[in-house]
Q: 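I'd like to ask you about the structure that follows.
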Amino acid sequence: SFTMNMYLFVYDLMQFCGHSWIFTNMIIRFMTFGKDSLADTFHSIGLVMRLCQLLSVLEILHILIGIDKGHLLPRFLQITERIIILFVVINSQEEVQGKYVVCVLFFLWNLLDVVRYTYNMLARMDIYYLPLTWLNFSLCIPLYPLSVLAKGFAICVSLPYFESFGTYSIKLPFPFSFSIYFPYVLKMYLIVLFAGMCFIIRNLFSERMAHLGTGSIKNKRS
């Protein structure tokens, strides 16, 4: 309906503004302060990044209630990956926030999202530009695996701090009498992360074929 389409357009516009601000801020800070700006990335733009990622949880709801098209499982995996890395790994360990991998992750995430939300906004109005369509469904194929590698590296960097401080590690009282050692949980999640990457990449290729196939291009041009 028109109302739902307008709501989705406003949602995409809000995400576009947020990610554009982050992306522009990162570039300007790097051009102004050079490498010194990298270690301060999280403290400068972390709040807006967290707000944008929390807002992205709505995309799962959009698919569930049927107001937006998309595959639920791949989108769910992509969103939960970012939530876990951002809030559990980075936000909880101040020592990790100053690492260069945080800047790399934010750069990759925002580059992908600026393109994706621009494409989505125009698509809500039935406007399709072939270069933008190509970029939206092609850029994610090389950049998503790079972001997964950066996520894995961020987890590896954070492990010594989770081991030293015991963050999220708990010992359950009697009668359970067993402990949850969080670094082991993160190591197991690494396996899930890379297994999910294979599934999501296959989905990205299928989406690219569906939108950039000869028939699809002709239909959008007409």
Side-chain angles (χ1 to χ4, degrees), residues 1-23 48-91 105-106 108-130 132-148 150-151 189 191-213 215-217 219-220:
S1 67
F2 176 78
T3 304
M4 288 296 99
N5 205 48
M6 280 300 300
Y7 160 74
L8 291 173
F9 177 84
V10 171
Y11 168 80
D12 291 329
L13 177 61
M14 291 174 62
Q15 288 281 37
F16 170 79
C17 291
H19 288 290
S20 296
W21 181 87
I22 296 171
F23 192 69
V48 180
M49 192 69 194
R50 280 173 282 180
L51 290 174
C52 287
Q53 295 308 316
L54 285 175
L55 192 61
S56 69
V57 176
L58 288 175
E59 295 178 27
I60 300 173
L61 180 62
H62 296 163
I63 298 174
L64 280 173
I65 64 179
I67 65 173
D68 197 11
K69 297 178 181 179
H71 299 287
L72 177 61
L73 183 56
R75 195 73 198 118
F76 174 80
L77 290 175
Q78 287 176 295
I79 290 173
T80 52
E81 284 174 10
R82 292 192 182 187
I83 294 293
I84 291 171
I85 298 299
L86 181 58
F87 287 91
V88 178
V89 175
I90 299 175
N91 190 64
L105 265 177
F106 283 10
L108 293 173
W109 288 353
N110 286 282
L111 178 58
L112 287 170
D113 285 341
V114 166
V115 173
R116 184 165 69 89
Y117 288 115
T118 302
Y119 171 84
N120 287 347
M121 282 192 299
L122 294 176
R124 308 293 180 200
M125 299 183 290
D126 290 324
I127 299 174
Y128 297 94
Y129 293 110
L130 184 56
L132 180 60
T133 303
W134 182 90
L135 189 63
N136 181 62
F137 292 101
S138 301
L139 188 64
C140 54
I141 292 175
L143 292 192
Y144 175 72
L146 288 177
S147 72
V148 172
K151 292 170 192 173
Y189 181 68
I191 300 174
V192 176
L193 187 65
F194 285 97
M197 179 185 70
C198 299
F199 171 74
I200 292 173
I201 289 176
R202 186 174 64 178
N203 181 73
L204 292 174
F205 272 106
S206 64
E207 283 189 345
R208 187 179 188 278
M209 182 61 66
H211 288 84
L212 296 178
S216 300
I217 293 174
N219 291 335
K220 288 179 179 179

Q: Check step by step if side chain to side chain contact (heavy atoms under 4.5 Å, CB included) holds for Tyr7 and Ile67.
A: CA-CA 10 Å; Tyr7 160 74; Ile67 65 173; 3.9 Å; yes
Q: Quick check: do Tyr189 and Glu81 have side-chain heavy atoms less than 4.5 Å from each other?
A: yes
Q: So how far is it from Asn5 CG to Asp126 CG, rounded to the nearest 0.5 Å?
A: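 The CG atom of Asp126 is 7.5 Å from CG of Asn5, to the nearest 0.5 Å.
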Q: Taking the side chain as every heavy atom from C-beta outward, state whether Leu86 and Phe106 have any pair of such atoms under 4.5 Å apart.
A: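 Counting from C-beta outward, Leu86 and Phe106 do come under 4.5 Å.
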Q: Tell me whether Arg116 is salt-bridged to Glu207, with the criterion being a basic N under 4.0 Å from an acidic carboxylate O.
A: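 Salt bridge absent between Arg116 and Glu207.
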Q: Might you point out which heavy atoms bring Ile201 and Pro145 nearest each other, and give the distance in Å?
A: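 Ile201 and Pro145 have their closest heavy atoms at CD1-CG, 3.5 Å.
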Q: Step through the shown structure and confirm whether more than 12 heavy atoms of other residues, nucleotides or ligands are within 6.0 Å of CZ on Phe76.
A: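 It does not: Phe76 CZ has 12 such atoms or fewer within range.
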Q: What heavy-atom pair brings Ser138 and Arg208 nearest, and what distance separates the two atoms?
A: OG-NE, 2.9 Å
Q: Tell me whether Ser20 contacts the main-chain N or O of Cys17 through its side chain, where contact means a donor paired with an acceptor under 3.5 Å.
A: no
Q: What distance separates Phe16 CZ from Phe23 CZ, expressed to the nearest 0.5 Å?
A: 11.0 Å
Q: Does any part of the side chain of Leu122, heavy atoms only, come nearer than 4.5 Å to the side chain of Tyr128, both counted from C-beta?
A: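 Tyr128 does not reach Leu122 side chain to side chain.
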Q: Distance from Leu58 atom CG to Leu64 atom CG, nearest 0.5 Å?
A: 11.5 Å
Q: Does Trp21 CH2 have over 12 foreign heavy atoms under 6.0 Å away?
A: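 Above 12, so yes.
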Q: Please tell me if the side chains of Leu73 and Phe199 come closer than 4.5 Å, counting only heavy atoms from C-beta onward.
A: yes
Q: Within the distance-only criterion (no hydrogens, no angle test), does the side chain of Thr80 pair as donor or acceptor with the backbone N or O of Leu77 below 3.5 angstrom?
A: yes
Q: Check Asp113 with Arg82, please: is the shortest side-chain N to carboxylate O separation under 4.0 Å?
A: yes
Q: On a heavy-atom basis, which atom in Ile63 and which in Gly70 lie closest, and how many Å separate them?
A: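 Shortest heavy-atom contact: CG2-O, 3.5 Å.
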Q: Any side-chain heavy atom of Asn110 sitting closer than 4.5 Å to one from Cys52?
A: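 SC-SC contact between Asn110 and Cys52 ruled out.
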Q: Indicate the atoms forming the closest heavy-atom contact of Val115 with Asn136, along with that distance.
A: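 So the two residues come closest at CG1-CA, 3.7 Å.
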Q: CG/Leu135 to CG/Leu112 distance, rounded to the nearest 0.5 angstrom?
A: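 The CG atom of Leu112 is 9.5 Å from CG of Leu135, to the nearest 0.5 Å.
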Q: Verify the neighbour count for atom CZ of Phe87: are there more than 12 heavy atoms of other residues, nucleotides or ligands below 6.0 Å?
A: yes
Q: Do the rings of His211 and Phe137 sit parallel, tilted or perpendicular, given the 30° and 60° boundaries?
A: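 The rings of His211 and Phe137 lie parallel, inter-plane angle below 30°.
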Q: Does Cys198 reach the side chain of Arg202, with side-chain heavy atoms less than 4.5 Å apart?
A: no
Q: Please report the closest heavy-atom contact between Met121 and Leu13, naming both atoms and the distance.
A: SD-CA, 3.5 Å
Q: I need the Gln53 CD to His19 NE2 distance, nearest 0.5 Å.
A: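 It is 5.5 Å, given to the nearest 0.5 Å.
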Q: Search all heavy atoms of Val114 against all heavy atoms of Thr118 and return the closest pair with its distance.
A: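 Answer, listing the atom of Val114 first, then Thr118: O-OG1, 2.6 Å.
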Q: Looking just at side-chain N and O atoms, do Arg75 and Gln78 make a donor-acceptor pair shorter than 3.5 Å?
A: yes
Q: Do Tyr11 and Glu59 have a side chain donor and acceptor closer than 3.5 Å?
A: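 On atom types as modelled, these side chains qualify, holding a pair under 3.5 Å.
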Q: Which value, rounded to the nearest 0.5 Å, describes the distance between Lys69 atom NZ and Leu8 atom CG?
A: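 These two atoms lie 12.0 Å from each other.
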